J.: 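Here it is, the structure in full.
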Amino acid sequence: MRGCSFHADDVECRNTPPGTSDEMPNLSLRRIGLERLYMQMADVMVKEGWKEAGYEYVCIDDCWPSHQRDAQGRLQADPKRFPGGIKKLADYVHSKGLKLGIYADVGKNTCAGYPGSLGYYETDAQTFADWGVDLLKFDGCYMDRTLLGEGYINMSHALNKTGRSILYSCEWPLYEWPIRQPNYTAIRETCNHWRNFDDVFDSWSSVKSILDWTASHQDIIVPSAGPGGWNDPDMLVIGNFGLSHDQQESQMALWAIMAAPLLMSNDLRDICPRSKELLQNRRIIAISQDPLGKQGYRTLKVDSFEVWERPLSKNQLAIAILNKQEIGGPRGYVIGAVPGWKTCDPLCNVTQILPQYKEMGIQTPHSRLVVSVNPSGTALLTVTPISKLHWQDMSVKHKHPTVL
Ligand code: GAL
C-alpha cells in the first residue's frame, strides 16, 4: 500500500508558539483553507508523477471534525476547515483517480481532543462509507488499554458491515506495548497495517529511534507482516527540513526494506527535486512493493555499520548498508560480509540503487566488492542469483562470460 498523506495536524493541530504560525512555510491555513489544500495536493499528485509512481491515497489526519456530532450522532466535518464536507472532498479526490483516507479514534476522544468513536463504531463506519472514504487511520488515545483489542476488532466488524472496501490502519500495538506484548496474530487478522512505535518527527534522531525499536523487536513483529497486513513505522518525512539528503536516502531505503506503507508527510507543492526523485524512485518502490511480501530485518551490526536485508521474489535479495558513524567521510563496506551473500553462490548479478544507480556486474561468493557509504547514509543494492545452468547457458551463447 502506498499513499500520500497530508496531515491536518501538521498544519494547525500542533501547538505553534505564539507569533510563529504565520511563518509556517506554505502551510498556513489562514491563507488557503484546509479543504483547498487537500484538493491542491491531489492535483499535484496527478500532475507531478506521484500517482504514476504508485502513490494513491490522500489522507486526512486528526482535527478534521467538529467538536459536536450532528443530531443523528454522526461525526461532521469542521465547517470552517471543510466547508464542502468530506463527501465533496472524497468525490474530488476520486475524480482524480485517487483515494481518500480519514482519521478517527477507538476511544472517547482523538489525541487532539476531537470526538472519538467509542460508542459510535457502527455509526462512524457507516458515515465514512457513505462519504466514500477508502482508508481509516484509527488512533488509540483516550481508551482503556485493556479494552483496546475489543475496540479495534469491533470497528473492523463495523467497517466490514458497510460493504465498502476501506483499508484499516490501526495503532493498536503502539498503545498495547506499555501494558503487555500485543497479540500480533489478532492484529494481523483485524488490521491492514498497524503502528508499533512513537510518531515520527522530522529529525534523524527520530528516524534512528524507529529503526532501533524495529530491529530490537524484529523477532516479534517481522513474522506478522505479509500481503494484507504490514508493520507501519510511520510516515516518510523526506522532502521536509530535518534530514540531510543522505538521511533521506536512508529513510527511503530502510522503509522499503521494512515493507512499510509509503505514506509521505510533506508539502508536495514545494518539494526539492532531489527529494522528489528519491520518493519516486521506481527501483526503490519496487523493493518496497515486492510481491513476495516479506519484511526485511537487521542482519548485522558491526563497526557502526548496520546491514538490513529483505528477501524478494525470484530469489532476489535487497541489501541496505547503513553507515551510522556521524563523523568523518564515506566509509567502505565489503558486501561479501553480508550474511545473505550466499545468494551469490555460484554467481549473482549486483545492482546498486543508492546512493546512485550502478550496475556492479556478475559476482562470485569470493568477490571483494566494496561499497562506499556516507555518514548517516545508506547503500541500497539488489542481488540476483544466477544458477549454474543459466551460467552455462550464457557461456555457450556469449562464449566469454563476464566473471570477475
Ligand atoms: C498520534 C498519532 C499520530 C497523529 C496524532 C494526531 O497519536 O500516533 O500519527 O495521528 O496522534 O493527533
Side-chain angles (χ1 to χ4, degrees), residues 1-16 21 24 27 29 34 37-38 41 57-67 75 77-78 81-82 86 100-118 124 128 133-145 147-148 151-152 155 166-179 182 187 191-203 205-207 209-210 213-214 217 221 230-238 240 242 251 255 258 260-267:
M1 204 287 299
R2 287 166 256 158
C4 158
S5 165
F6 189 70
H7 287 244
D9 62 312
D10 288 339
V11 182
E12 63 156 13
C13 256
R14 301 223 190 277
N15 294 328
T16 315
S21 56
M24 283 179 77
L27 294 178
L29 249 190
L34 204 46
L37 190 55
Y38 282 99
M41 219 58 88
Y57 289 84
V58 177
C59 298
I60 305 172
D61 209 272
D62 205 345
C63 305
W64 64 268
S66 242
H67 279 287
L75 287 171
D78 180 308
R81 295 175 196 159
F82 295 92
I86 303 297
L100 185 74
I102 208 161
Y103 166 100
D105 191 288
V106 71
K108 222 166 125 300
N109 290 106
T110 72
C111 299
Y114 291 82
S117 295
L118 188 64
D124 292 355
F128 299 147
V133 162
D134 306 289
L135 177 155
L136 173 65
K137 172 176 171 180
F138 211 40
D139 213 332
C141 275
Y142 299 102
M143 180 66 169
D144 177 341
R145 292 193 178 183
L147 299 175
L148 274 171
Y152 275 98
M155 187 51 154
I166 298 177
L167 197 132
Y168 191 31
S169 160
C170 304
E171 298 206 29
W172 173 0
L174 185 158
Y175 290 91
E176 187 122 16
W177 269 111
I179 57 164
I187 291 167
C191 309
N192 298 113
H193 43 80
W194 49 85
R195 285 273 308 282
N196 294 303
F197 184 61
D198 293 352
D199 295 352
V200 69
F201 278 76
D202 186 15
S203 71
S205 61
S206 167
V207 170
S209 70
I210 293 172
W213 188 93
T214 305
H217 294 80
I221 67 166
W230 310 99
N231 289 294
D232 175 8
D234 210 3
M235 294 168 286
L236 295 165
V237 288
I238 296 166
N240 292 312
Q251 194 189 22
W255 262 235
M258 290 188 290
L262 299 183
L263 287 146
M264 301 177 281
S265 177
N266 52 20
D267 187 350

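Residue numbers count from 1 along this sequence. What you are looking at is a predicted structure, and each value in this text was computed from that prediction instead of being measured. Heavy-atom basis, side chains included; hydrogens, waters and symmetry copies ignored. For ligands, and for the atoms within them, numbers begin at 1 and follow the listed sequence.
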J.: Consider ligand 1: state whether an atom of it lies below 4.0 angstrom from any non-hydrogen atom of Met235.
T.: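 False for this residue.
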J.: Using the rule ring-ring contact (aromatic ring centres under 6.0 Å, His included), only one of Trp172, Trp194, Trp213 pairs with Trp177; which is it?
T.: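 Per the ring-ring contact (aromatic ring centres under 6.0 Å, His included) rule, the option paired with Trp177 is Trp213, out of Trp172, Trp194, Trp213.
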J.: Could you tell me if any non-hydrogen atom of Tyr175 lies under 4.0 Å from any atom of ligand 1?
T.: yes
J.: Among Val200, Asp199, Asp232, Asp234, which one puts a heavy atom closest to atom 8 (O) of ligand 1?
T.: Asp199
J.: So do the side chains of Thr110 and Trp64 get within less than 4.5 Å of each other, counting heavy atoms only?
T.: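 No, every pair of side-chain atoms sits at 4.5 Å or beyond.
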J.: Taking only heavy atoms of Lys137 into account, list the atoms of ligand 1 that are under 4.0 Å away from them.
T.: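 Close to Lys137: 3 (C), 4 (C), 9 (O), 10 (O).
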J.: Can you give me the closest heavy-atom contact between Val207 and Trp255, atom names plus distance?
T.: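 Closest pair (atom of Val207, atom of Trp255, distance): CG1-CZ3, 4.1 Å.
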J.: Quick check: closest heavy atoms across Gly140 and Leu148, and the distance to 0.1 Å?
T.: O-CD2, 4.4 Å
J.: Ligand 1 versus Asp139, non-hydrogen atoms closer than 4.0 Å: side chain, backbone, both, neither?
T.: side chain
J.: Using a 4.0 Å cutoff against the non-hydrogen atoms of Arg195, which atoms of ligand 1 qualify?
T.: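 This gives 8 (O), 9 (O) as the contact atoms.
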J.: Given Asp61, Asn109, Asp62, identify the one with the heavy atom nearest to atom 10 (O) of ligand 1.
T.: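 Considering heavy atoms of Asp61, Asn109, Asp62, the nearest to atom 10 (O) of ligand 1 sits in Asp61.
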J.: Where is the tightest heavy-atom contact between Asn231 and Ile221, given as atom of each residue plus distance?
T.: ND2-O, 2.9 Å
J.: Could you tell me, atom by atom, which parts of ligand 1 come under 4.0 Å of a heavy atom of Tyr103?
T.: 6 (C), 10 (O), 11 (O), 12 (O)
J.: State, yes or no, whether a side-chain contact exists between Ser209 and Phe197 at a heavy-atom distance under 4.5 Å.
T.: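 A side-chain contact exists here, since the closest heavy-atom pair is under 4.5 Å.
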J.: If you measure from each non-hydrogen atom of Tyr114 to ligand 1, which part falls under 4.0 Å: side chain, backbone, both or neither?
T.: neither
J.: I'd like to know if the side chain of Tyr114 pairs up with that of Asp62 as donor and acceptor (distance under 3.5 Å, no hydrogens or angles considered).
T.: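 Note: Tyr114 and Asp62 side chains miss the donor-acceptor criterion.
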